[in-house]
Amino acid sequence: RIMITGALGQIGSELTGKLREIYGAENVLATDIRPSDDTSGPFEILDVTDAQKMHDLAKDFGADTMMHMAALLSATAEEKPLLAWNLNMGGLVNALEASRELGMQFFTPSSIGAFGPSTPKTDTPQDTLQRPTTMYGVNKVAGELLCDYYYQKFGVDTRGVRFPGLVSYVAQPGGGTTDYAVDIYYKALEQGSYTSYIDKGTYMDMMYMPDALQAIIDLMEADPAKLVHRNAFNVTAMSFEPEEIAASIRRHIPDFQMNYDVDPARQAIADSWPDSIDASAAKQEWGFKTAYDLDAMTADMLEKLKVKLQNA
Ligand code: VAH
C-alpha cells in the first residue's frame, strides 16, 4: 500500500493515477496540503512539516511504501529560501523518519538542480562534483545524502532519481526553471507564439512525464541486489535549447513565433545546471529507458493539449 505526499503537484498528480492503475486505487493514499476534487481513491490533507500527522496517516493506512513528492521547485525556492529549506528538508526528514519507524520502502526525486557551475556540464557523470548555487540545489544535495544515510544507518530501502526538467499536460508545474518547456506548448496553441524567459542557446536536460513515471516504477521494482547507487540516479531523455523546441513545434504550427524576454533570476539558475547528463548508471543497474524524444513529445503534447484547452 502506497502513500504519496505532494499528490497534487506536477509529478504527484500523474503518479497517483499511474500507481492506482497498477496497484489498485484503494491501495494508494494521496495526500497534499490543499483539498482535491479527485475522487478516484483515498485522499487526506497533509502538511509534510507535520511529522505526527504524516506518521499517523501512514500507520493508519498500513502503507508499506512512501513516495515523497512534496517540495518547492527551484525558482520559488530562490525567492523564498528559508521557506524552501524548512519545507523541503523538514518534509523530507519527516518522510524518512516515518519510513524508518514503519518499515516503508522510500522514494523521493532529486534533480539536475543538484549540480552547480563547477560540475562538468556535458555528459555529467553519475558521481561528480556537486556544489549547487541555489537553495533548491542545496536541498537536493542534502536530500541525496540524507537518503543515503537512512539506507546505510537504518536500512531504509531509499531510492531516487535526479530528474531533468519534466514536461506534462496534466498539472501545470509551479515555480520551476525548466517550465518554459511546458508553457511554450500552451501558448503555441493559445496564441501561436511564446515569449521565453530562458535565453536561446541554453541547453537543459528534459523528459516527458510518461517516461518519468515509468522510471519511478522501474526503479522501485528493481532488484536491490543490482543497485550500486541508491538515490539520485541521473535520468534524462533529451537535452535541448529553446530554439530546438520551437523548431519542433513549427513542424505542427508552421508560423509559430518565438520571442525572448530573459528573466535574469531563472536564467542564472539554468546557467548553473548541466547541458546534458549521463544516465548510464540507471541503464546498467535497473534498465532505465525512455520512449519519447523531442518530436514525439511535441506531437503528443500538442494533441493532448488541444483536447484539454477545448474542454477548458
Ligand atoms: C525545476 N522542474 O525547474 C524543476 C526541476 C530540473 C528542474 O528540478 O525546478
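Please read all numbers here as calculations on a predicted model, not as lab measurements. In each ligand, atom 1 is the first atom listed, and ligand 1 is the first ligand listed. Along the sequence shown, residues are numbered consecutively beginning with 1.
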Cationic N near anionic O, under 4.0 Å, [X] to [Y]:
{"X": "Lys53", "Y": "Asp60", "result": "no"}
{"X": "Glu144", "Y": "Arg162", "result": "yes"}
{"X": "Lys18", "Y": "Glu21", "result": "no"}

What's the shortest distance from [atom] to any protein heavy atom, and which residue and atom give it?
{"atom": "atom 8 (O) of ligand 1", "answer": "Tyr136 OH, 2.6 Å"}
{"atom": "atom 3 (O) of ligand 1", "answer": "Thr177 N, 2.6 Å"}
{"atom": "atom 9 (O) of ligand 1", "answer": "Ser74 OG, 2.6 Å"}
{"atom": "atom 2 (N) of ligand 1", "answer": "Thr178 OG1, 3.0 Å"}

Spell out, yes or no, whether Tyr185 and Met207 are grouped together once hydrophobic residues are joined by side-chain heavy atoms under 4.5 Å, including indirect joins.
->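 Different clusters: Tyr185 never reaches Met207 through Ile, Leu, Val, Met, Phe, Trp or Tyr contacts under 4.5 Å.
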Phe288, Val161: one ILVMFWY side-chain cluster at the under-4.5 Å cut-off?
->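 Phe288 and Val161: one cluster.
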According to the interplanar angle, ranging from 0 to 90°, do the rings of Tyr150 and Phe154 count as parallel (below 30°), tilted (30 to 60°) or perpendicular (above 60°)?
->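 Answer is tilted, since the angle falls between 30° and 60°.
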With heavy atoms of [X] as the reference, note each atom of ligand 1 found under 4.0 Å away.
{"X": "Pro164", "value": "6 (C)"}
{"X": "Leu73", "value": "9 (O)"}
{"X": "Ser111", "value": "5 (C), 6 (C), 7 (C), 8 (O)"}
{"X": "Phe163", "value": "6 (C)"}
{"X": "Ile112", "value": "6 (C)"}
{"X": "Gly165", "value": "6 (C)"}

Partner of Thr65 by side-chain contact (heavy atoms from CB on, under 4.5 Å), out of Met220, Met3, Met104 |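 Among Met220, Met3, Met104, the one that satisfies the side-chain contact (heavy atoms from CB on, under 4.5 Å) with Thr65 is Met220.
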Does even one non-hydrogen atom of Leu166 get within less than 4.0 Å of ligand 1?
->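 It does not; every heavy atom stays at 4.0 Å or beyond.
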Determine whether more than 12 heavy atoms belonging to other residues, nucleotides or ligands lie under 6.0 Å from atom NZ of Lys80.
->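 Open: at most 12 neighbouring heavy atoms sit under 6.0 Å from NZ of Lys80.
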